[in-house]
Amino acid sequence: MTDRFPEKICAALIDMDGVLYDSMPYHAKAWHQMMAEQGVKTDPDEFFLYEGMTGEATIRLIYRRELGKDVTPQEAAELYARKSEIFAAFGKKPLMKGADRMLRAFMEAGIPRVLVTGSGQASLLDNLCSEYPGAFPDGMRVTAHDVKHGKPDPEPYLMGAQKAGVAPADCIVVENAPLGVRAGKAAGCFTIAVTTGPIPREEFEKEGADMIFPSMDAFAYWLESRLGANPMAAQLDAIVASLAPATVTVVTDGNVERDVMPAFASSKALSSANKVILSPGEDHKNIESAILIWKALEEAGATRHSLVVNIGGGLVTDIGGFAAATYKRGIRFVNIPTTLLGAVDAATGGKTGINFNGLKNEIGAFHLPSEVIISALPLATLSHREIVSGYAEMLKTGLIADEGLYRSLLDVDAVIADGTRLEGAMKRCVEIKEDVVRQDPTEKGLRKILNFGHTAGHAFESLAIERHKPLAHGEAVAHGMLVELILSHMLKGFPSEEVHRYASMLKEQYPLTGTSCADTPLLIALMSHDKKNATTGRANFTLLRSVGDPEINCEPSEKDIEAALDIYRDMMG
């Protein structure tokens, strides 16, 4: 990814299929059916990879590959006409969720829009004016009929920039296909990829996409704040003004500095703040990084009335909070988490710390932040896997405290794709955690309910690390929750149908742990030595009687844990 979003955008060059219309599944079916009629074998999903190419180029590619021959222009035209006929027969194609918000954001900012599509489908092109009124004025379209060379050749986007009357370097391209990204980059444009189809994020990274978003809704949500007033920046300025600190020091890491900090350019509070940029990665969550922050505070002349603003994931909020907790015996800090896990877990609750002597969070302190700013905006460029990992913490929160929240969160893809809905769920999770922490700030009793899924989850995580096939923390906890739901059913009467409902979601959204019966003794040993256990050698769990009804300090026998792991493997098999 590039250093930052361009400060100046003179035109937006926007693809159609998969960006404005959720039409690619129908294109793929139509191509597959037309080829089958010709006796040509294809995989429907492969047509997502050819998106952006002209119809003739797609036909030539497949005929050469499968039949070892070429087609004449006339033959190609007839075959494409048949594909178009099949496509039209599928009926009206749904608008892509979030596309209208994206176009409105560009229009309200006064940024010209040019449609740049490899398609020639009249059934879509003819409806653009009525379905996206005012988005593409006359003369602001480039289609398959206008170019000699379709994507991945840069010609379509070069022509789009020409129609907008600006240099390609001053244009932003919005694409959902790797070949389209290649075309945008070859034209010299800042190129956004939106993964609305089955093609994995890695394919867009290979093509050099400058930024990658998991859905059009996520991109629109991000774009609205980028082109208008950033609500996070305004909220931070209001908080800093109310705290009236002697000095402000910002703590972040290299990745966040590159991808997120430009969105805070309008913040008055940060304009004169000194900044500490840590190296990203768990290896840097150490005393040396804390020293960097302490030195920066000293150099800024910080006093006990100063403020630290932590902008980043769990590493940044943990270590920035620890530095604030220990500098002059405690100064104030504000957290702005930029990962989902950080937002609903690390940034709230007041646990701060660093790793020491190979042990995670071995040195730390309880020190509550003055404020935590929760927003889905910084999550927009994270991969689906990163978001789903943090999502496990939200599922946990719903399971232990809010049945309605949990039920809504089971619709994982819909929640993640909707920035407003995701942010609302994040804020509800934080409310729940803050209420628990307020009642038990130092984890003497009630706060232990927040450990649900973590005893078994930490064991899965440790085993994966030992095998050099690491699971993300949230992925391990997601599997740990299933083990503990099974124990809850066995020992506390938790409903069986709820266990199966959760297991179905887990198999669909999370990578498998790959454990076998041979791993059971080690997993039980790891659970028995978890640092949260009250009794040495006895695994301590939070279990559920029902959704929203937890019970702490449960110590199942090894036989019960072994049985739960057996059932877990059967359900994941």
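Note that the numbering runs from 1 along the sequence shown for the chain.
Surrounding CZ of F48 are more than 12 heavy atoms belonging to other residues, nucleotides or ligands, all under 6.0 Å away. More than 12 non-hydrogen atoms from other residues, nucleotides or ligands lie less than 6.0 angstrom from CD of E282.
Between D413 and Q509, the side chains place a donor N or O and an acceptor N or O closer than 3.5 Å (distance only, hydrogens not considered). S267 and D237 form a side-chain donor-acceptor contact under 3.5 Å, judged by distance and modelled atom types alone. Between the side chains of D318 and T352, not a single donor N or O lies within less than 3.5 Å of an accepting N or O. A donor-acceptor contact closer than 3.5 angstrom links the side chains of T42 and H32.
With hydrogens and angles ignored, the 3.5 Å screen pairs a side-chain donor or acceptor of Y510 with a backbone N or O of V388. R141 places no side-chain N or O within donor-acceptor distance of the main-chain N or O of T117, the cut-off being under 3.5 Å. Checked by atom type and distance alone, the side chain of T191 never pairs as donor or acceptor with a backbone atom of V173 at under 3.5 Å. No donor-acceptor pair closer than 3.5 Å links the side chain of R201 to the backbone N or O of T195. Not a single donor-acceptor pair under 3.5 Å links the side chain of K151 to the backbone N or O of E51. Looking only at distances, no side-chain donor or acceptor of Y26 sits under 3.5 Å from a matching main-chain atom of I86. Side chain of T249 to main chain of L297: no donor-acceptor pair is present (N/O by atom type, distance under 3.5 Å, no hydrogens or angles). A side-chain donor-acceptor contact under 3.5 Å links E475 to the backbone of A472.
Between D22 and K97 no salt bridge is recorded (no basic side-chain N to carboxylate O distance below 4.0 Å). A salt bridge links E56 to R60: one of the charged nitrogens lies within less than 4.0 Å of a carboxylate oxygen. Using a cut-off of 4.0 Å between Lys/Arg side-chain N and Asp/Glu carboxylate O, D153 and K148 are scored as not salt-bridged. Salt bridge annotation for K185-E175: absent, with no cationic side-chain nitrogen under 4.0 angstrom from a carboxylate oxygen. Taking a cutoff of 4.0 Å between a charged side-chain nitrogen and a carboxylate oxygen, K427 and E423 qualify as a salt bridge. Between D70 and R64, at least one side-chain N (NZ, or NE/NH1/NH2) sits under 4.0 Å from a carboxylate O, which counts as a salt bridge.
N355 CG to N286 CG: the interatomic distance, rounded to the nearest 0.5 Å, is 8.0 Å. Atom CG of D15 is separated from atom CG of L115 by 7.5 Å, given to the nearest 0.5 angstrom. The CH2 atom of W222 sits 8.0 Å away from atom CG of L377, with the distance rounded to the nearest 0.5 Å. With rounding to the nearest 0.5 Å, the separation of NZ in K396 from CG in D345 is 6.0 Å. Interatomic distance, CD1 of I373 versus CD of Q235, reported as 4.5 Å (0.5 Å rounding). Atom CD1 in I354 sits 4.5 Å away from atom CZ in F322 (nearest 0.5 Å).
Between I336 and L236 there is a side-chain heavy-atom pair separated by less than 4.5 Å. Side-chain contact between F136 and V114: absent, with no pair of heavy atoms (C-beta onward) separated by less than 4.5 Å. L341 places a side-chain heavy atom less than 4.5 Å from the side chain of H473. You'll find the side chain of Y21 reaches within 4.5 Å of the side chain of L128, heavy atoms only. Counting only heavy atoms from C-beta outward, the side chains of I192 and I172 approach each other to under 4.5 Å.
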Which atom pairs, one a donor and one an acceptor, fall under 3.5 Å between side chains of residues 100-112 and the rest of the protein, sequence neighbours left out?
{"from": "R101", "atom 1": "NE", "to": "E224", "atom 2": "OE2", "distance (Å)": "3.0"}
{"from": "R101", "atom 1": "NH1", "to": "D217", "atom 2": "OD1", "distance (Å)": "2.8"}
{"from": "R101", "atom 1": "NH2", "to": "E224", "atom 2": "OE1", "distance (Å)": "2.7"}

Let me see the working for H27 and F87 under ring-ring contact (aromatic ring centres under 6.0 Å, His included), right down to the final yes or no.
CA-CA 6 Å; H27 279 295; F87 178 80; 4.0 Å; yes

